[in-house]
**Student:** 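My questions all concern the structure below.
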2 protein chains.
Amino acid sequence: MAARPAPEKNCEHIDPRVEALVTDLIGRVADKWTMILLEILEEKGTQRFTQIARAVPDISQKMLTQTLRRMERDGMLTRTVHPVVPPRVDYALTPLGETLSEAFCGVWMWAEANLERVEHAREEFDARQVAV
Amino acid sequence: MAARPAPEKNCEHIDPRVEALVTDLIGRVADKWTMILLEILEEKGTQRFTQIARAVPDISQKMLTQTLRRMERDGMLTRTVHPVVPPRVDYALTPLGETLSEAFCGVWMWAEANLERVEHAREEFDARQVAV
DNA sequence: CGGTATCCTCCTCGATACTG
DNA sequence: CAGTATCGAGGAGGATACCG
C-alpha cells in the first residue's frame with residue numbers, strides 16, 4: 001500500500017487470457033468507419049440508410065452496409081425494416097453502442113486537440129530524414 | 001435554448017474542415033497495433049525493440065518496425081539508438097503519446113467490461129440468421 | 001541486436017450492375 | 001429506397017534472407 005507513486009492511471013492490466021480476447025475485440029471496434037458511424041448515430045439519433053450515406057460521403061455503399069451489419073451483429077445498433085414501399089430501414093444505437101461511443105469520445109477530443117502537434121511532429125521527422 | 005434534454009454528451013461536433021482532418025488522424029491512430037504498443041509502453045515504460053517484440057508475440061517484426069516508425073513520425077514516441085555493440089535501441093512514449101494512451105484507456109475498459117455482451121449479441125444475431 | 005529488402009498472398013475496398 | 005452480386009486493383013501483412 002505504500003510505494004506506488006503514480007495513481008494517475010486507472011487503466012491497469014488484466015488476466016492474459018482475457019487480454020487476448022479484449023485485444024481481439026479492440027481489433028474490430030477500433031475501425032475508422034465504426035468510429036465514424038458511432039459518432040453520427042450518437043449525434044443525430046436514429047437514421048435511415050441514405051441519411052447515413054449522405055452524412056459520410058466518402059464511404060462506399062458496400063462498406064456502409066458491411067459496417068452497419070457488423071455493428072448490428074456486435075450489438076452496437078438495431079436495424080429496423082419497415083414493410084412499406086418504398087422500403088425504409090432505420091438504424092439506431094443500442095445502449096451498448098452508446099457506451100462505446102462515449103468511450104471513443106476521448107479519442108476524438110484527443111485527435112481534435114492534437115491535430116497540429118502531430119502535423120508538426122511529422123514535418124520535423126521528415127525534415128530529419130532528408131537531412132540524414 | 002429550450003428543448004434539448006440530453007446534456008450528457010460533451011463530445012459535440014466541430015468545423016467540417018477540421019473534422020475531415022480529425023477523421024484522417026483517427027484513421028491512423030485507431031489501429032490495433034498502435035493501441036497495443038501505446039498500452040505496453042505506458043505500462044512498462046521505456047522498452048527495447050526485442051522487449052516489445054516479446055510482449056506482443058503475435059506481431060511480425062516487419063509490422064513492429066513499421067508501427068514504431070509511424071508512431072515516432074507522429075510524435076507518439078522517441079527512438080534512441082545507443083552506439084554500442086551489440087546495438088541497443090530504446091523506445092519511450094512522449095507526453096503526446098501518453099495523452100493518447102490515456103484517451104484510449106476508456107476504450108480498453110469498455111472492451112474489457114463488454115466482452116461478454118458482444119459475444120452474446122453475436123450468438124443471438126447468428127442464431128437469428130440461421131432461423132431466417 | 002535491430003533492423004532492411006524482397007517476394008508473395010490474402011483480403012479489403014471501390015466500381016459497377018442488378019433486384020425486391 | 002436499400003440493398004445484393006460480382007469483378008478487379010491495391011495495399012496490408014507474413015515469411016524469408018541478408019546486413020551493420
Side-chain angles (χ1 to χ4, degrees), chain A residues 20 23-24 26-37 40-41 44 46-74 76-92 125-126 128-130 132, chain B residues 20 23-24 26-37 40-41 44 46-74 76-92 125-126 128-130 132:
Chain A
T23 298
D24 218 69
I26 286 289
R28 302 201 208 169
V29 299
D31 162 71
K32 183 189 174 185
W33 296 130
T34 302
M35 281 188 65
I36 293 176
L37 295 190
I40 288 182
L41 287 171
K44 305 193 175 180
T46 303
Q47 295 275 297
R48 302 179 55 172
F49 188 83
T50 35
Q51 286 182 303
I52 303 176
R54 266 194 298 275
V56 194
D58 291 355
I59 199 171
S60 67
Q61 200 185 39
K62 180 179 171 183
M63 276 312 295
L64 180 53
T65 303
Q66 214 171 89
T67 309
L68 286 170
R69 261 335 120 71
R70 181 164 35 196
M71 289 171 75
E72 186 195 359
R73 178 169 184 257
D74 287 348
M76 308 285 119
L77 52 79
T78 58
R79 175 173 176 271
T80 312
V81 182
H82 299 279
V84 296
V85 277
R88 177 200 175 104
V89 180
D90 285 337
Y91 293 91
F125 182 88
D126 294 346
R128 246 178 293 142
Q129 295 315 296
V130 175
V132 176
Chain B
T23 298
D24 219 68
I26 286 290
R28 302 199 208 171
V29 299
D31 162 73
K32 183 188 173 183
W33 296 131
T34 303
M35 282 188 65
I36 294 176
L37 295 190
I40 289 182
L41 287 170
K44 304 192 175 178
T46 303
Q47 295 277 297
R48 302 178 55 172
F49 187 84
T50 35
Q51 286 181 302
I52 303 177
R54 267 193 298 274
V56 194
D58 291 355
I59 199 171
S60 67
Q61 201 186 38
K62 179 181 171 180
M63 277 311 297
L64 180 53
T65 303
Q66 215 172 89
T67 308
L68 285 170
R69 260 336 118 71
R70 182 163 34 197
M71 290 170 74
E72 185 196 1
R73 178 169 185 257
D74 287 348
M76 309 283 117
L77 52 78
T78 58
R79 174 172 176 271
T80 312
V81 182
H82 300 279
V84 298
V85 278
R88 176 200 176 108
V89 180
D90 284 339
Y91 293 91
F125 182 89
D126 293 346
R128 247 177 292 143
Q129 297 312 299
V130 175
V132 177

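Worth saying up front: this structure is predicted, and the values here are computed from it rather than measured. Atom set for the values below is all heavy atoms of this structure, side chains included, hydrogens, waters and symmetry mates excluded. Within every chain, numbering begins at 1; the chains are lettered A, B, ... in the order of the sequence lines, protein sequences first and strands thereafter.
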**Student:** Would you indicate which nucleotide in C:dC13, D:dG13, C:dG3 comes nearest to any side-chain atom of B:Arg69?
**Tutor:**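 Selected nucleotide (nearest to the side chain): C:dG3.
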
**Student:** CH2 of B:Trp33 versus P of D:dG14: gap in Å, rounded?
**Tutor:**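 In whole Å, D:dG14 P and B:Trp33 CH2 are 7 Å from each other.
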
**Student:** Quick check on D:dA2: is either OP1 or OP2 less than 4.0 Å from any side-chain nitrogen or oxygen of A:Thr50?
**Tutor:**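 Indeed, a polar side-chain atom of A:Thr50 lies that close.
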
**Student:** Which nucleotide in the list C:dG14, D:dG3, C:dG3 gets nearest to the side chain of A:Lys62?
**Tutor:**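 Selected nucleotide: C:dG14.
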
**Student:** For B:Ala55 and B:Pro57, work out which heavy atoms get closest and say how close.
**Tutor:**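 Scanning both residues, the minimum pair turns out to be O-CD, 3.5 Å.
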
**Student:** Give me the atom names and distance for the closest heavy-atom approach of B:Tyr91 to B:Leu41.
**Tutor:**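 Closest approach of B:Tyr91 to B:Leu41: O-CD2, 3.6 Å.
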
**Student:** For the pair made of CD in A:Gln47 and P in D:dC1, what is the distance, rounded to whole Å?
**Tutor:**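 To the nearest whole Å, that distance equals 15 Å.
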
**Student:** Mind calculating the distance between CE (B:Met63) and P (D:dG11) to the nearest angstrom?
**Tutor:**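 The answer, rounded to whole Å, is 15 Å.
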
**Student:** Which of these nucleotides, D:dG3, D:dG14, C:dG14, is closest to any side-chain atom of A:Val89?
**Tutor:**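 Nearest nucleotide to the side chain: D:dG3.
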
**Student:** Measuring from the side chain of B:Pro87 (C-beta onward, heavy atoms only), which nucleotide among C:dG14, D:dG3, C:dC1 has the closest atom?
**Tutor:**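 So the nucleotide nearest the side chain must be C:dC1.
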
**Student:** Less than 4.0 angstrom between a side-chain N/O of B:Arg79 and OP1 or OP2 of C:dG3, yes or no?
**Tutor:**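 Yes, because at least one side-chain N or O of B:Arg79 sits under 4.0 Å from OP1 or OP2 of C:dG3.
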
**Student:** Taking CD1 from A:Ile52 and P from D:dC1, how many angstroms apart are they, rounded to a whole number?
**Tutor:**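 One finds 14 Å between P of D:dC1 and CD1 of A:Ile52, rounded.
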
**Student:** A:Asp74 side chain to A:Met76 main-chain N or O, any donor-acceptor pair under 3.5 Å?
**Tutor:**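 Absent.
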
**Student:** Given atom CZ of B:Arg88 and atom C1' of C:dG3, what is their separation to the nearest angstrom?
**Tutor:**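 Roughly 16 Å, once rounded to whole Å.
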
**Student:** Just to confirm, is there a sub-4.0 Å distance from OP1 or OP2 of C:dG2 to any side-chain nitrogen or oxygen of B:Arg48?
**Tutor:**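 Yes, within the criterion.
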
**Student:** Using side-chain contact (heavy atoms from CB on, under 4.5 Å), reason through A:Trp33 and A:Asp58 one step at a time and then give a plain yes or no.
**Tutor:** CA-CA 10 Å; A:Trp33 296 130; A:Asp58 291 355; 4.1 Å; yes

**Student:** With the side chain of A:Pro86 defined as its heavy atoms from C-beta on, choose the nearest nucleotide among D:dG14, C:dG2, D:dC1.
**Tutor:**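 Closest of the options to the side chain of A:Pro86: D:dC1.
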
**Student:** B:Leu64 CG to C:dG2 C1': how many Å, rounded?
**Tutor:**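 After rounding, the gap between these two atoms is 10 Å.
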
**Student:** Taking only side-chain nitrogens and oxygens of A:Tyr91, does any of them come within less than 4.0 Å of OP1 or OP2 of D:dC1?
**Tutor:**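 For A:Tyr91, the contact criterion (side-chain N or O under 4.0 Å from OP1 or OP2 of D:dC1) is not met.
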
**Student:** How many Å lie between CD on A:Gln66 and C1' on D:dT6, as a whole number?
**Tutor:**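 Distance, rounded to whole Å: 14 Å.
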
**Student:** Determine the contact category for B:Gln61: base if any of its heavy atoms lies under 4.0 Å from a base atom, sugar-phosphate if only primed atoms, P, OP1 or OP2 are that close, otherwise nothing.
**Tutor:**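 Base contact.
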
**Student:** Can you name the nearest heavy-atom pair linking A:Leu37 to A:Thr67, along with the distance?
**Tutor:**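 Minimum heavy-atom contact is CD1-CG2, 3.7 Å.
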
**Student:** Expressed in angstrom and rounded to an integer, what is the separation of A:Ile59 atom CD1 from C:dG14 atom P?
**Tutor:**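 That distance rounds to 7 Å.
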
**Student:** Between D:dT6, D:dT4, D:dA2, spot the one nearest the side chain of A:Thr65, thanks.
**Tutor:**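 Of the candidates, D:dT4 comes closest.
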
